[in-house]
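Numbering of ligands and ligand atoms starts at 1, following listing order.
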Amino acid sequence: MNRRNPEYDFKWCPGCGDFGVRRALEQATEKYLIETEMPVEANVVVAGIGCSGNMVHLLEGPQPYGFHGVHGRTLPVAMGIKMSRPDLNVVIAAGDGDFLGIGFEHVGPQAARNLNVTAVVMDNGVYGLTKGQSSPTTDLGVITSSTPYGKAEVAINPLSIYLTMGVSYLASAMSTKIKDMTSLILNAMMHPGFSVVHVQSPCTEFNDTYELLKGNRKKGIEPVAWSVPDGHDPEDIEAAFRIATSDGIPMGLLYKDASRPTFDRQIAGLTEKAGAKSAAELMESYAI
Ligand SMILES: Cc1ncc(C[n+]2csc(CCOP(=O)(O)OP(=O)(O)O)c2C)c(N)n1
Ligand SMILES: [Mg+2]
């Protein structure tokens, strides 16, 4: 519940990083509407299941359409929407478990297709909604409700995986840095192709990583998060890989390739080539 939307209870815990992501997504959407002169109804938020899934309920009054699908299937739903209505701005809001656990198999194919959608992945390194089981981004040794003696696997590196799979716009952000996140999300929306903004969005209840990410000088804790250097060329994929595989978590724009054709364009070209078939021709094509 908040001042702008007293009807809806967001069901996020105090201090949850997702509040910051919501603010950035709201602001990026508002700016996108101004820049593109599109109506708010031309925007769709597709959410997965999890605390992050609450993102479908964004603004009070006129707001993007929201599609709250099933766990791990934001990408197939987003693909369905984008292929039937390529004119819409489709934004995915998913958790680390949703996008990189149960839904992981969809990332590679959509990156290869360069599906023209934006995925905002809210990474809290845990399955927050179901009360704290480990996720693919939980660090080795962390005690969670599903790993009571410590997690046995190392955390995956989502940034290098996205690059390997061919995501054509990749940014990394922190939920407390709303201004940076807003511009990274806005640029992702404007990008022609599959864009991912991977956000560190800590869970105060089950995996509070604020101090780890931001550091604490008094306690001698160095921050894990660091900024992508100003001189980084986001079109240089090797440099992007070097950044993605460095120690800690880089923040900023890692990679951007706006030259690849998008999937909707590609399919429109093929449809034109194939031409329309009559019902009789279609029936004939099924005959053995
Ligand atoms: C098919 C299916 N399996 C399991 C669940 C239970 N479930 C709901 S949310 C969730 C994990 C969510 O984790 P994440 O995507 O990281 O989101 P968070 O809550 O941390 O934002 C699970 C396992 C489900 N709803 N559907
Ligand atoms: Mg999570």
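Those atoms of ligand 1 that come under 4.0 Å of a heavy atom in Asn124, given as number and element, are 18 (P), 20 (O), 21 (O). Less than 4.0 angstrom separates some heavy atom of Ile49 from each of these atoms of ligand 1: 8 (C), 9 (S), 12 (C), 15 (O), 25 (N). Contact atoms of ligand 1 toward Gly97: 14 (P), 15 (O), 16 (O) (distance under 4.0 Å to a heavy atom of the residue). Numbered from 1 in the order shown, with element, the atoms of ligand 1 that lie under 4.0 Å from a heavy atom of Ile102 read 1 (C). With ligand atoms numbered from 1 in the order given, ligand 1 contributes 18 (P), 19 (O), 20 (O) to contacts under 4.0 Å with heavy atoms of Gly128.
With hydrogens left out, the protein atom closest to atom 6 (C) of ligand 1 is Thr130 CG2, 3.9 Å, a heavy atom.
For ligand 1, the polar-atom distance check against Tyr127 finds no nitrogen or oxygen pair separated by under 3.5 Å. The shortest N or O to N or O distance between Asp98 and ligand 1 is under 3.5 Å. An N or O contact shorter than 3.5 Å links Leu129 to ligand 1 by distance. Looking at Gly50 next to ligand 1, no N or O pair under 3.5 Å apart turns up.
Distances from the Mg ion (ligand 2) show that Leu129 has no N/O/S atom below 2.8 Å. Residue Asn124: an N/O/S atom is found under 2.8 Å from the Mg ion (ligand 2). Within the 2.8 Å limit, Asp98 places no N, O or S atom next to the Mg ion (ligand 2).
Rounded to the nearest 0.5 angstrom, Thr29 OG1 and Asn43 CG are separated by 6.0 Å. Distance OG1/Thr118 to CG/Leu25: 9.5 Å, rounded to 0.5 Å. The distance from the CG atom of Asn54 to the CD1 atom of Ile49 is 10.0 Å, given to the nearest 0.5 Å. Note that OH of Tyr169 and CG of Leu254 are 10.0 Å apart. Values are rounded to the nearest 0.5 Å.
Hydrophobic clustering (side-chain heavy atoms under 4.5 Å, transitive across Ile, Leu, Val, Met, Phe, Trp, Tyr) groups Met79 together with Ile92. Note: the hydrophobic cluster containing Val90 does not contain Val120 (ILVMFWY, side chain heavy atoms under 4.5 Å, direct or indirect links).
When all heavy atoms are compared, the tightest approach of Val21 to Val199 is CG2-CG1, 3.8 Å. Of all the heavy atoms in Val117 and Leu75, the pair that sits closest is CG2-CD2, 4.5 Å.
Judged by distance alone, the side chain of Ser172 and the main-chain N or O of Pro250 form a donor-acceptor pair under 3.5 Å. Checking side-chain atoms of Asn114 against main-chain N and O of Pro261 turns up a donor-acceptor pair under 3.5 Å.
Looking only at its N/O/S atoms, Asp96 has OD1 as the one nearest to the Mg ion (ligand 2).
When Cys203, Gly48, Cys51 are ranked by how near their heavy atoms come to atom 19 (O) of ligand 1, first place goes to Cys51. When His71, Met122, Lys131 are checked for heavy-atom proximity to atom 11 (C) of ligand 1, His71 turns out nearest. Counting only non-hydrogen atoms, the option in Gly95, Gly125, Ser52, Gly17 that gets closest to atom 21 (O) of ligand 1 is Ser52.
Ile161 places a side-chain heavy atom less than 4.5 Å from the side chain of Phe104.
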